[in-house]
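If you read the sequence from its start, that first residue is 1, and numbering goes on from there.
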Amino acid sequence: MRFDLHVHSLFSKDSNSCLDDILECASKNGLDGFAICDHDSIEGGIACAKRALEIGSGQIVIPGIEVSSSKGHILVLGIKEKIEPGLSPEETIKRARAQGAVVIIPHPFKMTSHGIGYVEGLDIDAVEVLNSRCLTDGPNYKARKAAEQLNIPQVGGSDAHEALMVGRSYTEIDVSQRSVEAVLDAIRQGKTCPGGCKTPPSFVVKQMFAGHMKKAKKHFVKLLKQETV
């Protein structure tokens, strides 16, 4: 089955993708499922899994989070409770393991997106070696090379901040049972193969601009509330 293991929703501070649009685009783009990995928030994944059931979507939605550790971003799939940001990578992973979650290092060598910069020595299940939002081939190449040298399973994810780009990169997972736990087990066993392509630069720029506008609007509203107190 085909999964996009790195998708952002409107619960991320730099994305405006609504849940219904993500579910619709995932189906149109040939996915069997995806993981919602919002920045330091588990709300989007939980809400999207619930929404998929409400509307009868065939998508398998994996609740996840992209945690901002002290050294860079870490994806945690199958999460039940939020992991606070700012912890060391080791402590972040320890807390993920306590929940029985799957741990993936996304875009490790894309420093402009808080890549962690290394993968060796970490207790992880996979490395994201194909991230669609990398404008150049270098970061993905370095990630793939590191995964190969360390014999760590490889996955792909769109890192989509816009619903249309969901599934741009993906992971083929060798699993027949249509359940979140079966998919997570297959990832743990390394039954994965990354595929797909990069997001067009125009979309990346558009996503970045939209993200900055969302942050600015949120900051402006906060200032207005402070002035009215």
Side-chain angles (χ1 to χ4, degrees), residues 1-9 11-12 19 22-23 26-27 29-53 57-67 69 73-83 89-108 116 119 122-132 143 147 150-160 166-167 169-196:
M1 290 193 282
R2 182 172 292 187
F3 284 78
D4 185 341
L5 298 179
H6 191 169
V7 176
H8 292 274
S9 78
F11 287 87
S12 278
L19 305 182
I22 292 173
L23 289 164
S27 295
N29 294 340
L31 296 178
D32 293 287
F34 55 87
I36 294 288
C37 300
D38 289 315
H39 295 292
D40 301 315
S41 171
I42 64 173
E43 297 175 79
I46 294 172
C48 195
K50 181 180 178 181
R51 183 59 178 160
L53 291 174
S57 171
Q59 292 293 313
I60 302 169
V61 181
I62 304 172
I65 185 174
E66 185 165 18
V67 184
S69 81
H73 289 174
I74 298 174
L75 297 183
V76 180
L77 309 186
I79 193 166
K80 302 174 182 67
E81 297 180 5
K82 180 182 175 181
I83 299 173
E90 291 78 11
E91 181 61 26
T92 299
I93 294 170
K94 180 180 178 181
R95 297 195 181 193
R97 294 303 192 199
Q99 298 188 41
V102 162
V103 180
I104 298 172
I105 301 298
H107 49 67
I116 202 168
V119 295
L122 295 174
D123 175 25
I124 59 177
D125 296 292
V127 177
E128 183 185 76
V129 303
L130 183 49
N131 178 289
S132 288
L150 298 169
N151 196 31
I152 301 174
Q154 304 175 27
V155 299
S158 67
D159 199 357
V166 172
S169 286
Y170 52 84
T171 305
E172 293 284 357
I173 301 177
D174 184 10
V175 60
S176 56
Q177 185 179 339
R178 296 185 62 83
S179 72
V180 170
E181 195 52 49
V183 172
L184 295 178
D185 280 342
I187 297 173
R188 293 185 185 101
Q189 295 168 30
K191 297 180 178 181
T192 60
C193 181

Requested in this report: Heavy atoms only: give me the nearest A186-I173 pair and the separation to one decimal.
Outcome: CB-CG2, 3.5 Å

Query raised in the report: Using 4.0 Å as the upper bound for N to carboxylate O, is an ion pair formed by E91 and R95?
Result: yes

Query raised in the report: Once the angle between the rings of H8 and H39 is folded into 0 to 90°, is it parallel (under 30°), tilted (30 to 60°) or perpendicular (over 60°)?
Result: parallel

**Report entry** Approximate separation, where rounding is to 0.5 Å, of T92 OG1 and I116 CD1
**Finding:** 8.0 Å

Query raised in the report: Could you give the distance from CD1 (I83) to CD1 (I65), rounded to the nearest 0.5 Å?
Result: 6.5 Å

Report task. Using the side chain to side chain contact (heavy atoms under 4.5 Å, CB included) rule, take C48 and F34 through it: C-alpha gap first, then chi angles, then the decisive distance, then the call. Result -> CA-CA 10 Å; C48 195; F34 55 87; 3.8 Å; yes

Query raised in the report: Rounded to the nearest 0.5 Å, how far apart are OG1 of T171 and CG of L5?
Result: 4.0 Å

Report task. Indicate the atoms forming the closest heavy-atom contact of R2 with G30, along with that distance. Result -> CD-O, 3.8 Å

Query - Sequence neighbours excluded - salt bridge (charged side-chain N to carboxylate O under 4.0 Å, His left out) pairs with any residue from residues 175-191 - result: D32-R178, E181-R188, D185-R188

**Report entry** Backbone of N131 reached by a side-chain donor or acceptor of D159 within 3.5 Å
**Finding:** no

Query raised in the report: What heavy-atom pair brings S169 and S132 nearest, and what distance separates the two atoms?
Result: OG-OG, 2.5 Å

Report summary line: Closest heavy-atom pair, K82 versus I42, reported as atoms and distance to 0.1 Å, is N-CD1, 3.6 Å

Query - Backbone N/O of L31 and side chain of Q59: donor-acceptor pair under 3.5 Å - result: yes

Query raised in the report: Just by modelled atom types, is the V155 backbone N or O under 3.5 Å from a matching donor or acceptor in the T192 side chain?
Result: no

Report task. Please round to the nearest 0.5 Å and tell me the distance separating atom CG of D4 and atom CD1 of I36. Result -> 9.0 Å

Report summary line: Note: D38 and G44 closest approach over all heavy atoms is OD2-CA, 3.4 Å

**Report entry** Spatial distance of atom OH (Y170) from atom CG (L130) [nearest 0.5 Å]
**Finding:** 8.5 Å

Query raised in the report: What closest approach, in Å, do L19 and S9 show between heavy atoms, and which atom pair accounts for it?
Result: CD2-CB, 3.9 Å

Query - Minimum side-chain heavy-atom gap V127-P108 below 4.5 Å - result: yes

Acceptor/donor pairs from residues 96-104 side chains to any protein atom, 3.5 angstrom cut, sequence neighbours excluded:
unit_1: R97; atom_1: NE; unit_2: D123; atom_2: OD2; d: 3.1
unit_1: R97; atom_1: NH1; unit_2: A101; atom_2: O; d: 3.2
unit_1: R97; atom_1: NH1; unit_2: D125; atom_2: OD2; d: 2.7
unit_1: R97; atom_1: NH2; unit_2: D123; atom_2: O; d: 3.0
unit_1: R97; atom_1: NH2; unit_2: D123; atom_2: OD1; d: 3.3
unit_1: R97; atom_1: NH2; unit_2: D125; atom_2: OD2; d: 3.3
unit_1: Q99; atom_1: OE1; unit_2: K80; atom_2: N; d: 2.7
unit_1: Q99; atom_1: OE1; unit_2: E81; atom_2: N; d: 2.8
unit_1: Q99; atom_1: NE2; unit_2: E81; atom_2: O; d: 2.8

Query raised in the report: Could you give the distance from CD (E128) to CG (L75), rounded to the nearest 0.5 Å?
Result: 6.0 Å

